[in-house]
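Throughout, a chain's letter reflects where its sequence line sits, starting with A, and its residues are numbered from 1.
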Protein chains: 2
Amino acid sequence: MAKRNQRLSRDVIVDCAMALADAEGLEAVTIRRLAQENGVTPMAMYWHFNDKEALLDALAAHLVEAVKLPPPSEAPWDAQLRDVLEAIAVALRPHPAVAGMAARQVLVADAGLELTERVLALLAEAGLEPRRAAEVATFLFCSVVALVAGDPGQREVVTPEDLEDRLRLKTATLAALPPTRFPHLIAAAPGLVSCFGQDDFFDLNLDLLVQGVRGIR
Amino acid sequence: MAKRNQRLSRDVIVDCAMALADAEGLEAVTIRRLAQENGVTPMAMYWHFNDKEALLDALAAHLVEAVKLPPPSEAPWDAQLRDVLEAIAVALRPHPAVAGMAARQVLVADAGLELTERVLALLAEAGLEPRRAAEVATFLFCSVVALVAGDPGQREVVTPEDLEDRLRLKTATLAALPPTRFPHLIAAAPGLVSCFGQDDFFDLNLDLLVQGVRGIR
DNA sequence: GCACCCGATGTACGTCGTACAGTTGGCGCA
DNA sequence: TGCGCCAACTGTACGACGTACATCGGGTGC
């Protein structure tokens with residue numbers, strides 16, 4: 001800690017905050033902690049950001065800007081939509097702790113506007129009129145965020161083996177339920193406790209969203 | 001404030017916290033504030049809850065238990081699934097500020113287990129094997145939560161006319177974007193800023209989810 | 001009438017965000 | 001070379017937060 005090898009800037013603060021959130025969760029992102037991490041007084045942060053809200057907004061914007069939008073193609077709208085949603089998920093997945101804040105910058109950050117325009121265009125191509133396209137686009141983004149942010153027991157970040165213990169305990173708890181009342185739940189227990197973060201969880205549910213759009217046309 | 005007309009209990013604290021969150025947002029739910037609201041010392045809360053996390057868990061559980069699960073019927077699985085998802089949305093909608101915490105009690109609270117069992121049964125009826133059903137059920141719940149919690153500019157709660165001003169401003173900002181780059185976005189601007197909380201927003205996107213499940217079978 | 005113990009109090013500590021005022025170091029310009 | 005300015009940072013302080021720990025009062029059961 002206490003690096004102080006370079007001048008402070010919005011970017012290095014945001015990068016530091018992101019790393020901190022990834023490593024120790026969003027609640028570790030503290031004005032004082034960020035200052036300490038950069039070998040600087042807490043009040044130094046306020047030269048670069050009006051307040052903590054502004055800092056978190058910048059974090060969220062950073063996330064939105066990390067989305068690598070695939071280039072438009074001649075592929076059918078549903079394939080393209082699937083690619084766009086996947087691109088969002090890919091950008092958010094490394095940062096589940098901050099993903100939940102991404103939605104509030106989608107209509108603010110430049111990259112978010114571009115992203116939204118793209119999705120709306122695809123939805124128009126699918127035959128939705130603007131009003132419904134707006135509602136669906138909004139929901140799609142929130143859903144992808146939910147897909148990533150999820151929320152298993154990830155409130156406090158722990159060591160990998162501790163996490164594994166917790167999952168095993170949770171599975172066991174579910175498996176110990178009365179089998180006559182909860183047959184399906186018991187059968188699905190392993191999947192319920194461990195699906196977050198799995199590749200097939202994302203694949204399956206991104207498909208679900210795209211198929212859902214097909215279904216409501 | 002300072003009612004002190006009845007003995008404190010978990011239930012009156014939870015009710016008070018819920019009302020507080022509805023009126024002033026989740027950040028207004030504070031140990032000290034709850035104590036003051038009940039005419040009591042902050043430390044009195046700790047007789048009823050181990051810590052604030054436990055209090056918030058109780059809030060979330062309360063929400064999950066508020067879901068009025070429709071009775072099983074002979075209707076096809078998709079119609080029933082739609083009804084169940086709608087029941088969840090109906091229970092959460094009055095409390096958007098706390099809805100985001102509901103997911104972490106779904107596999108803990110009794111009502112949540114019942115709810116999950118029901119959804120898993122319907123998904124099994126739809127032809128999904130347990131593992132995929134688990135993944136889809138998890139996602140469906142998170143999506144409905146996202147549908148309700150959404151996140152417009154609702155971070156700070158404001159007066160209705162102030163909110164209306166803000167929406168108008170946001171719409172105007174979007175409408176002022178370069179029309180050649182953002183044609184769809186401009187056309188959809190009113191819907192984008194005001195869709196949260198609208199009935200048709202819920203209806204449309206619950207349909208999307210159900211259709212999505214149909215699509216991935 | 002007495003003891004017990006549930007439910008509350010009182011005090012104190014460390015951490016948070018941040019207001020406000022003071023201080024510096026390096027660059028433009030003389 | 002020297003001077004002044006202003007962007008960037010420091011120092012101090014305040015109120016609100018969660019909560020550990022010790023204490024206490026009064027209603028209930030004997």
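- A salt bridge does not link A/Lys68 with A/Asp83: every distance from a Lys NZ or Arg NE/NH1/NH2 to an Asp or Glu carboxylate oxygen is 4.0 Å or more.
- Side-chain atoms of B/Ala44 lie closest to C/dA8 of the nucleotides D/dG11, C/dA8, D/dA8.
- For the residue pair A/Glu117 and B/Pro183, the shortest heavy atom distance occurs at OE2-CD, 3.1 Å.
- Across B/Leu20 and B/Ala28, no two heavy atoms sit closer than the pair CD2-O, 3.7 Å.
- Contact check for B/Met45 versus B/Val40: side-chain heavy atoms found under the 4.5 Å cut-off.
- Close to D/dC9, at under 4.0 Å from its OP1 or OP2, lies a side-chain N or O of A/His48.
- If A/Met43 and A/Thr30 are placed on DNA chain C by their nearest nucleotide, the residue sitting closer to the 5' end is A/Thr30.
- Contact check on A/Asp57 versus A/Lys52 returns no salt bridge, with no Lys/Arg side-chain nitrogen under 4.0 Å from an Asp/Glu carboxylate oxygen.
- Between B/Glu27 atom CD and C/dC16 atom C1' there is a gap of 15 Å when expressed in whole angstrom units.
- Summarising the geometry, the separation between OH on B/Tyr46 and C1' on C/dG10 is reported as 15 Å, rounded to the nearest angstrom.
- Using a 4.5 Å heavy-atom cutoff, the side chains of B/Leu206 and B/Val210 are not in contact.
- Counting heavy atoms from C-beta outward, A/Met101 and A/Leu63 have side chains that stay 4.5 Å or more apart.
- Overall bending of the helix from C/dG1-D/dC30 to C/dA30-D/dT1, expressed as the angle between end axes built from five pairs apiece, is 0° (10° steps).
- Rounded to a whole Å, the CZ atom of A/Phe49 is 15 Å from the C1' atom of D/dC9.
- Side-chain proximity of A/Trp47 to the nucleotides D/dC9, C/dT9, D/dA8 is greatest for D/dA8.
- The distance between atom CE of A/Met45 and atom P of D/dC9, rounded to the nearest whole Å, is 8 Å.
- When rounded to the nearest whole Å, the span between CG of B/Leu8 and P of D/dG26 equals 18 Å.
- Atoms CG (B/Leu34) and C1' (C/dG7) sit 17 Å apart, rounded to a whole Å.
- Put simply, CZ on A/Arg32 is 16 Å from P on D/dA16, counting in whole angstrom units.
- Atom CD1 of B/Ile31 is separated from atom P of C/dA12 by 21 Å (rounded to the nearest Å).
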